Amino acid sequence: NVTVTGTPQLTLNINGSGHTIDYTSGSGSNTLVFNYQVLDGHNETNLDYQNTTALTLNGGTIKDTAPNTNIAILTLPSPGATNSLGANKDIIIDTTHPNVTNVTSTKADGSYKAGVLIPIQIVFSEDVIVTGTPQLLLDLGGVDYAVDYDSGTGTDTLLFNYTIQSGHNDTDLDYKATNSLSLNGGTIKDAAGNDAALTLATPGTTNSLGSNKALVIDTTAPTVTNVTSTTVDGSYKFGSTIPIQVVFSEDVNVTGTPQLTLNLNGSDVVVDYTTGSGSDILIFNYAIQVGHNDDDLDYKATDSLALNGGTITDIALNDAVLTLATPGAANSLGANKALVVDTTSPTVSTFALSDSTLLNGETATVSLVFSEKVTGFNSNDDITVENGSLSLMTTSDDGTTWTGTFTPTTDIEDTTNIFTLATTFTDVAGNPISTQTVTNNYVVDTLKPTITAVTSSTTDDSYKEGETIVIQVLF
């Protein structure tokens, strides 16, 4: 046992610096107590005194108890050696508050829809212990959404599992602000009991969730905004291909072969999807077949776009809404374009002269009426005329009805004459006239009579007064 007078001191090694603490109690026993009050800024991985001479009298004394008064030898074991404080105990001095160093997620960058779970990881500078249910406040397109703590206590990474809800949308998922991590009545401390500093990096900057990840929250289904075609307005015949474009509100991905049902003059024609996956425009190539006819091409109904066992989804895998505009209404194919499907060849309804017998000085009106408008027709090239000439025929209705004037050749007499119509022109869609056509027969009689001889039917002889001789003038 030893007796103490005054205030001996013990110098501790605190992370390389000496810190002196005063004797507290123990005089008269073999154990002297030096109480160390941990101060802010003290940090040490294994508490020990500074060296073998770290125990000093500081003007006091440490001696045997009476009757002996021997002065105590104050030499300590080497720090860390047997019987030293560092060897006997494993005391860590930690006054540093844990802080958030990073916010990230193990979820791959991409777009995600309702029901998908996104694990958000908040990384601290050291292991922390959690009690209660801290929360992380997310900013979802300007709307606050709190996510509860899930797991991670005892480690340096706390997990907050965010399950996407219907109506959540954001182009780059992040928390709301630097103070978005809250205790919510719980605690986050390190093993020494230091409260964690909860300040986060400014959203969008280094070490923030938005900076570390590119997570798009998308619970909005893509919709059809327009149906149109790159084919110019006009008429098209058998063999032509018309690319029909179905435009969506966002990029979509396609699997399988969706189909678009067209209305061809009351008959359904199904067109398969061709290309466009990964963009906002899907193309359905419509190849015109024999017998297809329609004066304003359009799909059949609002439900004419069908999956046919395939899929149309956005990047987040939201199923597309396939409803189309009402046929003929704004944003429909029929409203956007004026595409005529015509596989019927034009026919001749009328090909006739106003007079079937033409005399000298007379003319006739020639009427030519087709079943539809024709293009490329020129009467000088396409009509063969017999025994006369035909003026250049003109149209009164942009190509269906044509008229001209026929003038017969003079000094001709012919009872068998016709006009012949060629087949070198087409309708607007390019369908050629199917058969060669001729007019009914007409007569041309413009030959003027001339005297061919003068004779007599009277017998050659001598005639006296009173007899009659018949003289004939022949033409």
Side-chain angles (χ1 to χ4, degrees), residues 224 226-247 257-276 281-306 308 322-351 367-378 382 393 395-402 421-438:
V224 177
N226 202 26
V227 183
T228 187
S229 176
T230 54
T231 300
V232 297
D233 292 345
S235 296
Y236 296 90
K237 64 177 181 176
F238 163 68
S240 299
T241 296
I242 297 176
I244 299 172
Q245 298 176 317
V246 178
V247 184
T257 310
Q259 293 179 322
L260 181 66
T261 300
L262 303 180
N263 176 20
L264 270 297
N265 203 26
S267 297
D268 294 354
V269 173
V270 176
V271 182
D272 287 343
Y273 159 76
T274 304
T275 187
I281 298 176
L282 302 186
I283 296 176
F284 295 73
N285 279 335
Y286 162 49
I288 299 175
Q289 304 299 309
V290 172
H292 287 187
N293 292 282
D294 198 90
D295 58 4
D296 189 7
L297 182 63
D298 212 340
Y299 44 82
K300 183 179 181 181
T302 57
D303 61 354
S304 289
L305 178 59
N308 186 36
L322 305 184
T323 304
L324 307 176
T326 301
N331 300 320
S332 69
L333 177 62
N336 286 322
K337 303 298 295 184
L339 300 172
V340 177
V341 178
D342 179 5
T343 64
T344 303
S345 295
T347 59
V348 176
S349 302
T350 301
F351 189 23
S367 299
L368 176 57
V369 181
F370 295 99
S371 58
E372 59 181 304
K373 178 182 176 180
V374 296
T375 184
F377 171 71
N378 184 304
D382 298 317
M393 299 184 78
T395 180
S396 59
D397 52 11
D398 199 28
T400 300
T401 303
W402 299 78
L421 181 64
T423 59
T424 54
F425 52 93
T426 67
D427 62 14
V428 176
N431 298 297
I433 193 165
S434 57
T435 57
Q436 191 177 62
T437 306
V438 297

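This is a predicted model, so every value here is computed, not measured. Just so it is clear, the values below take in all heavy atoms, side chains as well, and ignore hydrogens, waters and symmetry mates.
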- Show the numbers, then the answer: is there a side chain to side chain contact (heavy atoms under 4.5 Å, CB included) between L297 and Y236? CA-CA 11 Å; L297 182 63; Y236 296 90; over 6 Å; no
- Sequence neighbours excluded, the answer for side-chain contact (heavy atoms from CB on, under 4.5 Å) partners of V428 is S235, K373
Rounded to the nearest 0.5 Å, what separates atom [atom1] in [X] from atom [atom2] in [Y]?
X: T343; Y: L264; atom1: OG1; atom2: CG; result: 9.0 Å
X: I283; Y: N285; atom1: CD1; atom2: CG; result: 6.5 Å
X: D427; Y: T347; atom1: CG; atom2: OG1; result: 10.5 Å
X: N336; Y: N226; atom1: CG; atom2: CG; result: 4.5 Å

- Query: After noting the C-alpha distance and the side-chain angles of D398 and T400, does the key distance pass the side-chain hydrogen bond (donor to acceptor under 3.5 Å, both in side chains) rule?
  - Reply: CA-CA 6 Å; D398 199 28; T400 300; over 6 Å; no
- Query: Tell me, do T395 and F370 make a side-chain contact under 4.5 Å, heavy atoms counted?
  - Reply: no
- Task: Give the minimum heavy-atom separation between V224 and L324, together with the two atoms involved.
- Result: CG1-CD2, 3.7 Å
- Query: What do you reckon, are the aromatic ring centroids of Y299 and F284 less than 6.0 Å apart?
  - Reply: no
- Message: Looking only at the side chains, is there a donor atom on one of N265 and S267 sitting less than 3.5 Å from an acceptor on the other?
- Response: no
- Query: Is there a donor-acceptor contact under 3.5 Å linking the side chains of D382 and T424?
  - Reply: yes
